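Data block below; observations after.
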Amino acid sequence: MNILQINASARREGANSTRLANTVVQRLEAAHPGARVSLRDLAVTPHPVLDEAALGALFTPADQRSPEQAARVALDDALIAEVQAHDVVVLGVPMYNFGTPVQLKSWIDAIARAGVTFRYTATGPEGLLKGKKVYVALARGGLYRDTPNDSQVPYLKSVLGFLGMTDLHFIYAEGLAMGPEAAAKGFEQAEADLNAALA
Ligand SMILES: Cc1cc2nc3c(=O)[nH]c(=O)nc-3n(C[C@H](O)[C@H](O)[C@H](O)COP(=O)(O)O)c2cc1C
């Protein structure tokens, strides 16, 4: 088992989503001795956003790219190769302002590449990152699970599914800003979600 842990909190230290993602990885390692783990902490090595220069680089044929454009595409290539090389992905995902952090969006923008991680066929789109298990460790200050205000989970189901990652397990630590009792309950719920996901 090759596990890729992606930490998407803006915080290097003390992040609840990272704490939860660490727990998921520890439990997977305990269940699968010999599992190998790679860590990408997007607070430590933030991926550049998809801006005009990046789009220009991506849409320039490889043999015509400037050295700067080639270097920019190579950053995305590395993230694609990394996710392709792992069969389990653990995402630590905070909720920021009702959405996913820019750090995670930039990772998704990097790995979504037409003809490489998805393609269009006569019958519709086909995701090419197949056969992976994905655990999403969610950390939230409030309570959103199964409500219309939870735009994160539907978004992640859509975009990861589009890329072929359909075996998704969501682990919710919610209510973390609602006082110590609520926070403790939030982590208990996450533990229950994790037990169910690993059962
Ligand atoms: C900039 C910012 C925006 C936030 N927005 C929300 C929000 O919209 N909904 C929510 O439930 N919690 C929100 N929170 C609380 C975080 O989800 C909570 O603190 C969580 O632990 C953050 O994850 P982290 O500790 O892994 O960084 C926000 C926190 C920050 C710092």
Side-chain angles (χ1 to χ4, degrees), residues 2-30 35 37-51 75 78-79 82-83 86 88-112 132-161 163 165 167-198:
N2 292 314
I3 304 169
L4 174 61
Q5 178 177 349
I6 305 283
N7 296 340
S9 175
R11 301 198 282 169
R12 297 165 188 229
E13 303 288 339
N16 290 312
S17 56
T18 301
R19 169 181 161 184
L20 195 52
N22 288 342
T23 303
V24 176
V25 169
Q26 282 157 12
R27 291 282 302 275
L28 287 169
E29 283 183 293
V37 182
S38 311
L39 173 65
R40 179 171 291 275
D41 190 318
L42 296 170
V44 177
T45 49
H47 198 75
V49 296
L50 186 59
D51 59 8
L75 292 176
L79 265 53
E82 185 176 63
V83 72
H86 292 81
V88 176
V89 180
V90 177
L91 300 175
V93 182
M95 179 181 278
Y96 291 157
N97 302 315
F98 288 80
T100 54
V102 66
Q103 288 82 356
L104 183 64
K105 183 61 167 60
S106 294
W107 181 78
I108 290 168
D109 287 340
I111 66 163
K132 300 183 193 303
K133 266 189 191 302
V134 182
Y135 298 87
V136 184
L138 300 161
R140 295 150 170 208
L143 305 172
Y144 298 91
R145 185 178 194 149
D146 299 330
T147 74
N149 283 330
D150 186 352
S151 61
Q152 278 187 313
V153 169
Y155 165 67
L156 290 171
K157 279 183 183 167
S158 295
V159 70
L160 298 176
L163 298 176
M165 293 181 274
D167 189 357
L168 306 174
H169 303 271
F170 292 91
I171 296 133
Y172 296 73
E174 293 198 304
L176 303 183
M178 295 168 58
E181 263 182 44
K185 226 171 117 185
F187 280 115
E188 273 169 33
Q189 180 59 55
E191 189 66 28
D193 291 341
L194 184 52
N195 288 337
L198 297 177

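As the structure lists them, so they are numbered: ligands from 1, and atoms in each ligand from 1. Just so it is clear, the model here is predicted, and its values are computed rather than measured.
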Can you pull the salt bridge (Lys or Arg N to Asp or Glu O under 4.0 Å) pairs that have at least one residue in residues 185-196, sequence neighbours excluded? Arg27-Glu191, Arg145-Asp193

Does any N/O atom on Met95 come nearer than 3.5 Å to any N/O atom on ligand 1? yes

Can you list the ligand 1 atoms lying under 4.0 Å from a non-hydrogen atom of Phe98? 7 (C), 8 (O)

Does atom 11 (O) of ligand 1 have a protein non-hydrogen atom under 4.0 Å from it? yes

Hey, what do you get for CZ (Arg140) to CG (Leu176), rounding to the nearest 0.5 Å? 10.0 Å

What protein heavy atom sits nearest atom 22 (C) of ligand 1, and how far off is it? Pro94 CB, 3.6 Å

A student checking ligand 1 against Asn97 at a 4.0 Å heavy-atom cut-off should list atoms 3 (C), 4 (C), 5 (N), 6 (C), 7 (C), 8 (O)

In terms of heavy-atom contacts, Pro48 and Leu75 come closest through CG-CD1, 3.7 Å

How many angstroms lie between atom OH of Tyr135 and atom CG of Asp167, to the nearest 0.5 angstrom? 7.0 Å

Name every donor-acceptor pair, under 3.5 Å, that has one atom in a side chain of residues 89-104 and the other anywhere in the protein, sequence neighbours excluded.
{"residue": "Tyr96", "atom": "OH", "partner": "Ser9", "partner atom": "OG", "Å": "3.4"}
{"residue": "Tyr96", "atom": "OH", "partner": "Ala10", "partner atom": "N", "Å": "3.1"}

Closest protein heavy atom to atom 21 (O) of ligand 1, given as residue, atom name and distance to 0.1 Å: Asn16 ND2, 2.8 Å

Verdict with supporting geometry, Trp107 and Val83, side chain to side chain contact (heavy atoms under 4.5 Å, CB included): CA-CA 10 Å; Trp107 181 78; Val83 72; 4.1 Å; yes

When you measure from the side chain of Thr23 to the backbone N and O of Arg19, does any donor-acceptor pair fall under 3.5 Å? yes

Classify the contact between Arg11 and ligand 1 as side chain, backbone, both or neither, using a heavy-atom distance cut-off of under 4.0 Å. side chain

Contact (N/O only, under 3.5 Å) between Gly14 and ligand 1: no

Can you name the nearest heavy-atom pair linking Ala173 to Leu20, along with the distance? CB-CD2, 3.7 Å

Tell me the protein heavy atom at minimum distance from atom 26 (O) of ligand 1, and give that distance in Å. Ser17 OG, 2.5 Å

Can you find an N/O atom of Ser9 closer than 3.5 Å to an N/O atom of ligand 1? yes

Looking only at protein heavy atoms, identify the closest one to atom 2 (C) of ligand 1 and say how far it is in Å. Tyr96 CD2, 3.7 Å

Looking only at non-hydrogen atoms, find the nearest pair between Asp150 and Asp146 and report the distance. OD2-N, 4.5 Å

Considering non-hydrogen atoms of the protein only, which is the closest contact for atom 9 (N) of ligand 1, and what is the distance? Tyr144 OH, 3.1 Å

Mind checking whether Ala10 has an N or O less than 3.5 Å away from an N or O of ligand 1? no

Under 4.0 Å to a heavy atom of Gly141 - the qualifying atoms of ligand 1, by number: 10 (C), 11 (O), 12 (N), 15 (C), 16 (C), 17 (O), 18 (C)

